[in-house]
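Not measured: the values here are computed from a predicted model. Proteins get letters first, then strands, A, B, ... in listed order; numbering begins at 1 in each. When reading the values below, keep in mind they use all heavy atoms of this one structure, side chains included, and skip hydrogens, waters and symmetry mates.
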Amino acid sequence: MRKPLHELEIAAAATALPPDGERATVDLRRSGPPDRGDTVDLPAFATDPRTDPAVPAPLRRRIDRFAAVAHLAVNRVLADLPDRPPRERIGVFLVNARAGWSYGEPELALLVDQGAEAMHAYQATAWFPAAAQGEVTIDLDLRGCAKTTAGRASGFAEALWLARDALERDAVDLALVGAAESLVNGFVLRDWPAEQALPDSGPAEGAVVFALRRPTDEPADHPATRLHDLRHEPETATPQQVWAPTLSAAADLYAALAAAAPADVDLGGGFRITVHPRRSNSEHGTE
Amino acid sequence: MGTVDGDSENYSIGLNNGARRRVVLTGVGAVSPAGPESKAHLSGLLAGRSAARELTEDWFAPFAKSIGAPVDSVTPAAGLPRHVAYADLAITEALAEAGLDAEELAGTHLVTSTAIGASVELETAFRDASVIPPGWFGFDLVTERAREQHKVGRHGWSMTLSTGCTAGLDALGTGYDAVAAGRARRVLVVSAEATMCPIVLAAFQKIGALSNRDVEAERASAPFSRQRDGFVLGEGAAAVLLEDAELATARGAQPLLEVLGWASVSSAYHMTRIRRSGEDIAASIRQALDDAGLPPDAVESIDAHGTSTPLNDASETAAYHDVFGARANRLPVVAQKGVTGHALGASNLLEIAGLARYLPGGALPPTANTTAETLDADLDVVLDEPRLAEPEIVVKTSSGFSGIHSAAVLRRIS
């Protein structure tokens with residue numbers, strides 16, 4: 001039975017974001033944008049996240065950096081959720097808006113320089129946006145509805161929307177929703193033409209993931225943060241000069257969870273949502 | 001078996017639908033290897049004529065084997081990625097059929113999907129170091145084009161899905177959810193893919209997904225045949241307008257199909273393989289039927305994913321027997337990819353467009369290249385020539401990389 005949901009409860013949230021000030025150096029000489037020099041430093045992990053010990057060893061050589069950060073963030077969320085629904089009732093909804101060029105560009109170079117025989121078989125499964133969703137669901141044995149959105153401005157809101165839909169139609173009981181992006185490759189930086197300044201804010205790599213469920217009658221000593229009124233107000237859409245708008249939107253929502261008062265969060269592309277923070281015990285009438 | 005007419009015993013507003021709005025298709029467009037609009041697509045399907053050919057373009061020369069089913073009938077305008085050019089034509093056709101006015105177009109929401117976006121153009125730019133227009137690394141170019149060129153969705157929201165080879169059906173389901181929940185009156189669903197470039201061909205060849213047997217290109221894709229050995233790359237685009245049924249009736253629109261429900265599951269099994277048991281495909285069908293409030297016995301035909309890979313077709317066969325039991329080998333099964341090849345993320349929506357054209361005509365298209373002698377499935381696969389039939393409830397299945405299995409339940413409108 002489908003039941004409309006006007007609010008979602010946040011059961012847990014986690015990030016896999018580079019620390020402030022950390023930079024990754026990207027070599028632009030082979031396929032990067034012309035007129036930007038030989039290298040550029042991005043706000044991204046200085047060490048390839050695929051080498052993080054928390055990423056299973058068999059995965060490392062077959063995934064892109066964006067799938068690695070997705071894996072890290074999802075695992076951190078699940079670590080905070082010891083009591084989980086059955087695997088068939090857990091869904092995964094991720095945005096990735098520019099695919100995985102840290103894996104894809106070297107493969108393209110192999111194809112051009114040495115021919116198809118030199119390419120690796122994992123190109124077919126590492127580059128495309130749904131790669132992170134697939135690797136995460138397979139590694140963690142999550143069998144609910146899983147989807148990948150890709151809107152450049154509003155993709156994170158789209159993932160939230162699809163998660164809300166899945167909860168409404170009772171397809172899942174827990175929805176892991178987030179953004180996973182990585183722009184650490186010269187070729188994808190050609191998305192910014194030479195006459196346009198490169199973005200100067202927001203992370204260029206990372207993942208932010210939320211665990212959402214239908215509102216529960218939470219115990220008064222564990223009041224939950226809730227998301228209200230996911231909506232589209234096109235007149236509020238503003239261009240974002242950040243590296244990865246979807247990732248920045250997810251990070252903004254994550255930051256808003258710490259606010260003491262209700263906060264309205266711009267999710268990009270005209271989508272907005274209101275965060276209602278944990279209510280105090282007095283609001284629950286327990287004092 | 002009950003009927004689903006609005007005036008009689010009614011599954012679609014029955015057991016499990018709550019206060020859901022009814023959702024119908026009122027416009028359809030298709031660009032496929034069989035032709036640049038849906039009538040040509042239908043003609044190709046009914047003729048059972050494969051559109052595959054040798055890929056003789058220069059950049060395929062290094063390949064020992066290069067076959068595909070390209071859209072040869074469309075030459076994109078300069079500055080337009082191929083998949084966007086295909087979507088352009090499909091949107092034009094769907095909106096012309098739907099007959100919306102300017103205000104209705106502006107308020108229509110958009111759900112688009114593609115698995116690989118502008119891969120053809122990105123590979124070209126990599127090879128010749130040419131300038132890449134802003135946004136071409138993204139997957140939402142069709143949305144931008146729909147808003148700018150077709151004036152659709154200018155006041156609405158948009159969603160972009162990129163879920164591999166189930167993307168078209170997932171986009172349909174997303175649009176359905178929005179209209180069924182009353183969050184949207186109309187949603188234009190578009191799925192587009194351009195695949196004919198070496199990186200795509202090489203990627204699928206490396207994992208052994210493509211047909212490699214020594215036959216003419218047009219015989220290579222043979223769903224459910226024992227001779228099958230892989231799929232043939234296809235490409236194209238489809239657009240369907242989903243509309244609140246009441247609204248469609250009120251404005252005098254002619255519904256083509258009704259969407260009754262859908263579902264999608266993850267196998268958590270393998271990035272490219274499917275469990276031979278078909279249990280995950282079966283789960284997606286069961287959940288879709290549950291969403292539609294229908295029992296398996298209500299289903300009268302299946303439009304299969306039918307890729308022509310040994311594993312897919314065997315798994316689908318197992319799934320149909322799992323869900324439909326003794327009726328499985330009596331349900332007509334259509335497999336459109338024998339004609340069109342596999343258009344990746346656009347394939348399922350192209351097949352929905354095909355359904356919207358072939359069901360009202362009362363003839364189910366045959367499966368190209370598969371005969372009674374080569375059939376390798378205990379199923380009633382439509383073979384040789386169109387079969388006169390008027391199934392009312394049809395299940396559409398799809399499977400994709402990342403272990404995704406999606407299914408939709410559709411109703412023919414008399």
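Between the R147(B) side chain and the G153(B) main chain, a donor and an acceptor come within less than 3.5 Å of each other. Not a single donor-acceptor pair under 3.5 Å links the side chain of S162(B) to the backbone N or O of T148(A). Side-chain N or O atoms of E158(A) include one that pairs as donor or acceptor with a backbone N or O of G151(A) at under 3.5 Å. With hydrogens and angles disregarded, a donor-acceptor distance shorter than 3.5 Å links the side chain of T307(B) to the backbone of T309(B). With S31(A) contributing its side chain and L28(A) its backbone, the two residues share no donor-acceptor pair below 3.5 Å. With hydrogens and angles disregarded, a donor-acceptor distance shorter than 3.5 Å links the side chain of S266(B) to the backbone of G144(A).
If you take OG1 on T114(B) and NE2 on H83(B), they are separated by 5.0 Å, rounding to the nearest 0.5 Å. To the nearest 0.5 Å, the span separating CH2 on W262(B) from OG on S398(B) amounts to 9.0 Å. The line from NE2 of H6(A) to CZ of R231(A) is 14.0 Å long, rounded to the nearest 0.5 Å. Atoms CG and CD1, from L230(A) and I273(A) in turn, are 4.5 Å apart once rounded to the nearest 0.5 Å.
Counting heavy-atom pairs closer than 4.5 Å to chain A, the top-ranked of the candidates A283(B), A178(B), A125(B) is A125(B). Listed options A181(B), G403(B), S267(B) were ranked by heavy-atom pairs under 4.5 angstrom with chain A; first place goes to S267(B). Highest contact tally toward chain A, considering only G117(B), S130(B), A167(B), is held by S130(B) [criterion: heavy-atom pairs under 4.5 Å]. Chain A forms the most heavy-atom pairs under 4.5 Å with one residue out of F139(B), F137(B), W59(B), and that residue is F137(B). Counting heavy-atom pairs under 4.5 Å between each of A171(A), A121(A), G270(A), P129(A) and chain B puts P129(A) at the top. The candidate with the highest count of non-hydrogen atom pairs below 4.5 Å against chain B, out of D191(A), T125(A), D139(A), is D191(A). Chain B forms more heavy-atom pairs under 4.5 Å with one residue of D170(A), I138(A), V172(A) than with any other, namely I138(A). For the set A263(B), A209(B), A202(B), S264(B), the count of heavy-atom pairs under 4.5 angstrom toward chain A peaks at S264(B). Comparing A157(A), A131(A), G155(A), P4(A) by how many heavy-atom pairs each has under 4.5 Å with chain B, the most go to A131(A). Ranked by heavy-atom pairs under 4.5 Å with chain B, the first of V112(A), V136(A), L111(A), L108(A) is L108(A). Of the listed residues (A129(B), S113(B), P62(B)), the greatest number of heavy-atom pairs within a distance under 4.5 Å of chain A belongs to A129(B).
Contact of L122(B) with chain A is made through backbone and side chain together, with heavy-atom distances under 4.5 Å. Of the atoms belonging to I116(B), heavy atoms from both backbone and side chain fall under 4.5 Å from chain A. Heavy-atom distances place the side chain of S406(B), and not its backbone, under 4.5 Å from chain A. Heavy-atom distances place the side chain of S154(A), and not its backbone, under 4.5 Å from chain B. Heavy atoms of F271(A) lying under 4.5 Å from chain B belong exclusively to its side chain. Of the two parts of R89(A), neither the backbone nor the side chain holds a non-hydrogen atom closer than 4.5 Å to a non-hydrogen atom of chain B. Looking at W136(B), only its backbone comes within 4.5 Å of chain A, counting heavy atoms on both sides. Looking at L142(A), only its backbone comes within 4.5 Å of chain B, counting heavy atoms on both sides. Both the backbone and the side chain of A109(A) have a heavy atom closer than 4.5 Å to some heavy atom of chain B. Proximity to chain B (any heavy atom under 4.5 Å) is shown, for R62(A), by neither the backbone nor the side chain. At a 4.5 Å heavy-atom cutoff, the contact between R183(B) and chain A is made by side-chain atoms alone. Using a 4.5 Å cut-off between heavy atoms, E168(A) touches chain B through its side chain atoms alone. At a 4.5 Å heavy-atom cutoff, the contact between H270(B) and chain A is made by backbone atoms alone.
Remark: K151(B) NZ is packed, more than 12 non-hydrogen atoms of other residues, nucleotides or ligands lying under 6.0 Å away. In the displayed structure, E103(B) atom CD is contacted under 6.0 Å by at most 12 heavy atoms of other residues, nucleotides or ligands. For E233(A), the CD atom sits in a packed shell: over 12 heavy atoms of surrounding residues, nucleotides or ligands are nearer than 6.0 Å. Around atom CZ of R273(B), no more than 12 heavy atoms belonging to other residues, nucleotides or ligands sit under 6.0 Å away. Within a 6.0 Å radius of CZ in R145(B), other residues, nucleotides and ligands contribute more than 12 heavy atoms.
Applying a 4.5 Å heavy-atom cutoff, the residues of residues 91-98 of chain A that approach chain B are A97(A), R98(A).
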CA sep, side-chain torsions, deciding dist, call: T160(B), T149(A), side-chain contact (heavy atoms from CB on, under 4.5 Å): CA-CA 5 Å; T160(B) 304; T149(A) 59; 6.0 Å; no
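Taking the six-membered ring for Trp and the full ring otherwise, the centers of F204(B) and F231(B) sit less than 6.0 Å from each other.
Checked options W101(A), W127(A), W192(A); the residue passing with F187(A) is W101(A) (criterion: ring pair (Phe, Tyr, Trp, His ring centres under 6.0 Å)).
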